[in-house]
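Here is the structure we will look at.
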Amino acid sequence: MKLISTSAAFAMAAACALAAGSPAIAGNPMVGGAAMYPTKTIVQNAVNSKDHTTLVAAVKAAGLVDTLSGPGPFTVFAPTNAAFGKLPAGTVDTLVMPENKDQLTRILTYHVVAGRLTAASIAAQIRAGHGTATFTTVEGEPLTARMQGKWLVLTDAKGGMSRVTTADVMQSNGVIHVVDTVLMP
């Protein structure tokens, strides 16, 4: 029996746990009942997910469609409709109003990190950081990642936590990791 180091075991467990959340049909992960194709952009895939209609509407209201359709690469931690539903009543309706575009843009860009961060690369950075990794979001503030059991957990600037429920949804211009709570800068 070959023994592996704790850090190697951690990296393998983290990568496997993150990837395990992505059921696939014909090699394409399913998100919100739709296959996600690696040949399509973040926006092209997101519009097909019934679990991300609120996110898509918010991206449109913030004027970020062209940006997230661009070459990137981007890593997007994509909140589901249920994640937006955890916000206080009326929050989403208020955020998508034209006069709140700057605030909405801050929140949405806080869910984006420049580059293509796969589950394996996040796990490697967590291992290198002795249990945590900090990423600077496109919004400019830090987002911290760590493992909590089998879950990758993100901690936002306000101390709120969100976990990745589906990892490594590859896109032509980046990668999406589905999250269960909206992150706040």
Side-chain angles (χ1 to χ4, degrees), residues 14 17-25 28-38 40-65 67-69 72 74-97 100 103-113 116-119 122 135 137-139 141 143-185:
L18 290 173
S22 302
I25 293 179
N28 296 313
M30 298 292 288
V31 176
M36 299 287 113
Y37 297 99
K40 293 186 176 184
T41 67
I42 291 165
V43 173
Q44 289 171 327
N45 274 319
V47 298
N48 294 318
S49 169
K50 67 177 171 53
D51 291 344
H52 290 89
T53 56
T54 305
L55 177 61
V56 169
V59 166
K60 288 177 182 177
L64 294 172
V65 171
T67 300
L68 292 176
S69 296
F74 305 105
T75 298
V76 177
F77 296 101
T80 61
N81 295 341
F84 281 101
K86 292 179 182 180
L87 295 172
T91 301
V92 174
D93 291 336
T94 300
L95 286 171
V96 296
M97 292 178 173
N100 296 320
Q103 184 181 9
L104 177 61
T105 300
R106 268 191 80 219
I107 291 168
L108 293 176
T109 57
Y110 188 69
H111 289 79
V112 181
V113 175
R116 185 184 302 258
L117 297 174
T118 64
I122 293 170
F135 304 100
T137 66
V138 171
E139 185 270 340
E141 292 187 49
L143 183 63
T144 303
R146 64 183 164 79
M147 295 302 298
Q148 190 175 59
K150 71 175 189 167
W151 298 103
L152 170 65
V153 176
L154 304 169
T155 303
D156 65 27
K158 293 187 175 190
M161 293 192 289
S162 182
R163 70 180 181 177
V164 173
T165 57
T166 303
D168 286 343
V169 184
M170 303 311 286
Q171 318 289 297
S172 65
N173 62 342
V175 60
I176 291 175
H177 301 287
V178 178
V179 295
D180 68 355
T181 305
V182 175
L183 300 159
M184 291 293 181

Here the pair of heavy atoms bringing Leu152 nearest to Ala145 is CD1-CB, 3.8 Å
Taking the side chain as C-beta and beyond, is there a heavy-atom pair between Leu143 and Leu183 under 4.5 Å?
-> yes
What heavy-atom pair brings Asn81 and Leu55 nearest, and what distance separates the two atoms?
-> OD1-N, 4.4 Å
Check the pair Thr118 / Met170 against side chain to side chain contact (heavy atoms under 4.5 Å, CB included), numbers first and verdict last.
-> CA-CA 9 Å; Thr118 64; Met170 303 311 286; 4.1 Å; yes
Taking side chain as C-beta onward, heavy atoms only, is Ile122 less than 4.5 Å from Phe135?
-> yes
Rounded to the nearest 0.5 Å, what's the gap from OG1 on Thr181 to CG on Leu154? Could you check?
-> 9.5 Å
Identify which one of Val59, Val56, Ile42 satisfies the side chain to side chain contact (heavy atoms under 4.5 Å, CB included) criterion when paired with Val65.
-> Val59
Determine the sole option in Asp180, Val179, Thr155 for which the side chain to side chain contact (heavy atoms under 4.5 Å, CB included) test with Met161 is passed.
-> Thr155
Minimum-distance pair of heavy atoms, taken over all atoms of Pro185 and Ala157 = C-CB, 3.8 Å
Counting N and O atoms only, with roles assigned by atom type, does the side chain of Ser172 sit under 3.5 Å from a partner on the main chain of Pro38, one being a donor and the other an acceptor?
-> no
Please report the shortest heavy-atom distance between Val182 and Pro79, naming the atom on each side.
-> CG2-CB, 3.9 Å
Any donor-acceptor pair under 3.5 Å linking the side chain of His52 with the backbone of Val47?
-> no
Should the heavy atoms of other residues, nucleotides or ligands under 6.0 Å from NZ of Lys86 be counted, would the total exceed 12?
-> yes
In Å, rounded to the nearest 0.5 Å, how long is the span from CZ of Arg106 to CE of Met184?
-> 10.0 Å
Shortest non-hydrogen contact between Leu117 and Thr75, atoms and distance = N-OG1, 2.7 Å
Decide if the gap between the ring center of Phe77 and the ring center of His111 is smaller than 6.0 angstrom.
-> no
Exam field: side chain Asn173 to backbone Leu68, donor-acceptor pair closer than 3.5 Å = yes
Once you round to the nearest 0.5 Å, how far does CE of Met97 lie from CD of Gln103?
-> 12.0 Å
To the nearest 0.5 Å, what is the distance between CG (Leu87) and CG (Asp93)?
-> 11.0 Å
Separation of Leu95 CG from Leu108 CG (nearest 0.5 Å) = 8.5 Å
Note, Thr105 side chain near Thr109 side chain (heavy atom, < 4.5 Å) | yes
Taking all atoms of both residues into account, what is the closest heavy-atom pair of Phe84 and Val92, and its distance?
-> CD2-CG2, 3.9 Å
Looking at side-chain heavy atoms only, is the closest gap between Met36 and Ile176 below 4.5 Å?
-> no
How about Asp156 and Glu141: do any of their side-chain heavy atoms sit closer than 4.5 Å?
-> no
Do Arg116 side-chain atoms and Gln171 backbone N/O form a donor-acceptor pair below 3.5 Å?
-> yes
